[in-house]
Amino acid sequence: MLDLLIHHASLPDGRKEMSLAVQDGKIVEVSPGLQAPAQQTVDAQGYLLSPPFVDPHFHMDATLSYGLPRVNQSGTLLEGIALWGELKPLLTQDELVEHAMAYCDWAVAKGLLAIRTHVDVCDARLLAVDALLDVKRQVAPYINLQLVAFPQDGVLRAPGALDNLKRALDKGVDVVGGIPHFERTMVDGAASVKLLCELAAERGLRVDMHCDESDDPLSRHVETLAYETQRLGLHGRVTGSHLTSMHSMDNYYVSKLIALMTEAQLHAVANPLINITLQGRHDTYPKRRGMTRVPELLAAGINVAFGHDCVMDPWYSLGSGDMLEVAHMGLHVAQMTSQSAMRACFDAVTVNAARVMGLAGYGLEVGCHADFVLLQARDPVEALRLRATRLKVFKRGQLLAESAPAVAQLHLPQRPTQTAWMGA
């Protein structure tokens with residue numbers, strides 16, 4: 001007898017009326033009209049069954065801290081960094097754990113079951129590292145939490161940051177991070193990329209760098225990141241996050257840069273909600289919105305994902321852990337409104353993001369983990385349009401969360417009472 005059988009499901013690749021069978025936490029069959037005894041049967045009613053959402057770029061150590069100790073009045077990246085510097089000494093490990101655990105609850109409710117979070121290592125106490133390692137252990141049964149050792153104040157600029165970063169890796173942090181554009185000089189920024197990539201190569205770890213999160217078209221550290229990836233043989237294991245300076249670069253230079261990134265098999269992560277909020281703050285009009293060149297990167301074969309980045313913290317006052325909101329904003333800012341482009345935006349918060357994190361067993365094929373989300377939508381485009389309700393969220397075939405369908409009872413003059421839903 002099967003543990004779980006889902007039938008009458010639509011899949012992201014367009015297949016309809018599909019059945020999905022689960023045994024021992026794994027998908028054992030995907031086929032149309034499967035009939036088999038199961039301990040639990042779910043009628044998907046034609047709704048979309050998707051692999052879980054994945055956030056490849058987040059800051060869980062800062063989440064849910066909005067207003068502490070004050071609010072970012074300018075809305076700029078640099079005031080946010082300064083504000084975070086004021087907040088860090090005031091935080092306790094218990095508070096960090098409490099905020100992170102609350103956010104993880106939000107994430108599960110939204111079908112978000114894998115998160116790569118950067119954790120600041122510039123505080124010599126490594127309170128945030130210890131807190132998020134604790135959270136990682138607690139949520140392991142239901143969220144794949146991957147930690148990046150992130151020197152927020154610059155690995156060369158901040159005293160002791162390199163030693164702190166190494167200690168964080170020794171404690172069990174998974175990925176080497178960096179922020180070359182925040183070093184004191186362009187030369188130091190390039191040196192930090194070299195240093196951190198070598199460290200990752202020595203330890204057999206992945207790399208994920210905040211890279212060129214700037215409106216300055218001369219911020220070109222991703223070029224160095226691609227070079228060091230190529231030199232050290234880190235192909236497919238390195239991510240450039242943000243890359244907002246590409247929005248302002250000369251087209252000729254970008255044509256060279258994208259080719260270098262493709263050769264190095266870099267992953268790219270854009271953060272639509274935050275990039276368009278923080279960038280362009282020094283412009284009058286026309287005002288740049290700052291998100292990287294997503295369609296061009298995708299056309300070159302680069303794996304592009306979208307991250308949430310921030311939720312209610314010194315940089316961003318909104319957010320709810322909803323990756324469909326992230327993708328919805330991404331398709332608008334990148335003007336990706338064709339059917340195929342909108343589906344690519346759905347991929348950016350699912351399969352592409354899973355590739356960034358290197359998740360094994362992710363997907364809806366036989367042999368994959370039985371992790372999936374039933375959405376109140378018929379296809380990925382409708383899911384984006386509606387920011388669809390997560391009807392059911394499963395991990396290893398076990399139900400984690402469920403929500404009532406989004407419907408409205410209409411009582412209109414001279415028309416019978418009716419139930420309305422905005423889907424097809």
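Model, not experiment: these values are computed from the prediction. Numbers here are sequence positions counted from 1.
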Taking [X] for the side chain and [Y] for the main chain, is one N or O donor matched with an acceptor at less than 3.5 Å?
{"X": "R281", "Y": "T277", "result": "yes"}
{"X": "Q376", "Y": "A406", "result": "yes"}
{"X": "N271", "Y": "I274", "result": "no"}
{"X": "N164", "Y": "A168", "result": "no"}
{"X": "S214", "Y": "D216", "result": "yes"}
{"X": "D313", "Y": "S65", "result": "no"}

Rounded distance (nearest 0.5 Å) linking atom CD1 of I81 with atom CG of D153 |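 It is 7.5 Å, given to the nearest 0.5 Å.
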Side chain to side chain, [X] and [Y], heavy atoms closer than 4.5 Å:
{"X": "T244", "Y": "H247", "answer": "no"}
{"X": "M60", "Y": "I115", "answer": "yes"}
{"X": "L112", "Y": "P52", "answer": "no"}
{"X": "M336", "Y": "P295", "answer": "yes"}
{"X": "S245", "Y": "R220", "answer": "no"}
{"X": "T350", "Y": "S50", "answer": "yes"}
{"X": "L34", "Y": "E29", "answer": "yes"}
{"X": "L126", "Y": "R167", "answer": "yes"}

Starting from the C-alpha separation in whole Å, work towards a yes-or-no answer on ring pair (Phe, Tyr, Trp, His ring centres under 6.0 Å) for W84 and Y316.
-> CA-CA 12 Å; W84 174 238; Y316 188 61; over 10 Å; no
Should the pair [X]-[Y] be classified as a salt bridge under the 4.0 Å nitrogen-to-oxygen rule?
{"X": "R231", "Y": "E198", "result": "yes"}
{"X": "K171", "Y": "D130", "result": "yes"}
{"X": "K26", "Y": "D24", "result": "no"}
{"X": "D322", "Y": "R390", "result": "yes"}
{"X": "D170", "Y": "R203", "result": "yes"}
{"X": "E365", "Y": "R15", "result": "yes"}
{"X": "E228", "Y": "K194", "result": "no"}
{"X": "R385", "Y": "E382", "result": "yes"}
{"X": "R396", "Y": "D371", "result": "yes"}
{"X": "K256", "Y": "E223", "result": "yes"}

Above 12 or not: heavy atoms from other molecules or residues under 6.0 Å from CE of M342?
-> yes
Around Q398, counting heavy atoms of other residues, nucleotides and ligands shown, do more than 12 lie under 6.0 Å from its CD?
->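 It does not: Q398 CD has 12 such atoms or fewer within range.
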Does a side chain donor of either [X] or [Y] reach within less than 3.5 Å of an acceptor in the other side chain?
{"X": "H235", "Y": "Q230", "value": "yes"}
{"X": "H328", "Y": "R387", "value": "yes"}
{"X": "N275", "Y": "H242", "value": "yes"}
{"X": "S241", "Y": "D208", "value": "yes"}
{"X": "N303", "Y": "H267", "value": "yes"}
{"X": "N251", "Y": "R293", "value": "yes"}

Ring pair (Phe, Tyr, Trp, His ring centres under 6.0 Å) evaluation trace for H118 with H59 | CA-CA 5 Å; H118 296 253; H59 290 266; 5.4 Å; yes
Dump the intermediate steps for salt bridge (charged side-chain N to carboxylate O under 4.0 Å, His left out) on R70 and E79, then the final yes or no.
-> CA-CA 11 Å; R70 59 183 178 83; E79 185 177 351; 2.8 Å; yes
Apply the test side chain to side chain contact (heavy atoms under 4.5 Å, CB included) to residues N144 and L113: give CA-CA distance (whole Å), side-chain angles for both, the deciding distance (0.1 Å), then the verdict.
-> CA-CA 6 Å; N144 187 327; L113 302 186; over 6 Å; no
List for me each residue that meets salt bridge (charged side-chain N to carboxylate O under 4.0 Å, His left out) alongside K16, sequence neighbours excluded, and say none if there are none.
->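 Applying salt bridge (charged side-chain N to carboxylate O under 4.0 Å, His left out) to K16 gives none.
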Salt bridge (charged side-chain N to carboxylate O under 4.0 Å, His left out) against D94, all qualifying residues, sequence neighbours excluded | none
Would K88 and D61 satisfy salt bridge (charged side-chain N to carboxylate O under 4.0 Å, His left out), going step by step from the backbone distance to the final call?
-> CA-CA 10 Å; K88 278 190 291 187; D61 52 354; over 6 Å; no
Relative to F58, does R116 satisfy both conditions: NZ or CZ under 6.0 angstrom from the six-membered ring centre, and within 45 degrees of the ring's axis?
->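 The answer is no; the distance or angle limit is not met.
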Do E95 and L90 pass the side chain to side chain contact (heavy atoms under 4.5 Å, CB included) test, and can you show the C-alpha distance, the side-chain angles, and the key distance before you say yes or no?
-> CA-CA 10 Å; E95 286 175 316; L90 307 179; over 6 Å; no
Evaluate the salt bridge (charged side-chain N to carboxylate O under 4.0 Å, His left out) criterion for residues E402 and K392: first the C-alpha distance (whole Å), next the side-chain angles of each, then the deciding distance (0.1 Å), finally the verdict.
-> CA-CA 4 Å; E402 56 187 331; K392 294 182 183 293; 3.0 Å; yes
Measure up the [X] and [Y] rings against each other and bin them: parallel (under 30°), tilted (30 to 60°), perpendicular (over 60°).
{"X": "H210", "Y": "H57", "answer": "tilted"}
{"X": "F346", "Y": "F53", "answer": "perpendicular"}
{"X": "F372", "Y": "F394", "answer": "tilted"}

S219 and D212: CA distance, side-chain angles, deciding distance, side-chain hydrogen bond (donor to acceptor under 3.5 Å, both in side chains) verdict | CA-CA 5 Å; S219 184; D212 306 320; 2.8 Å; yes
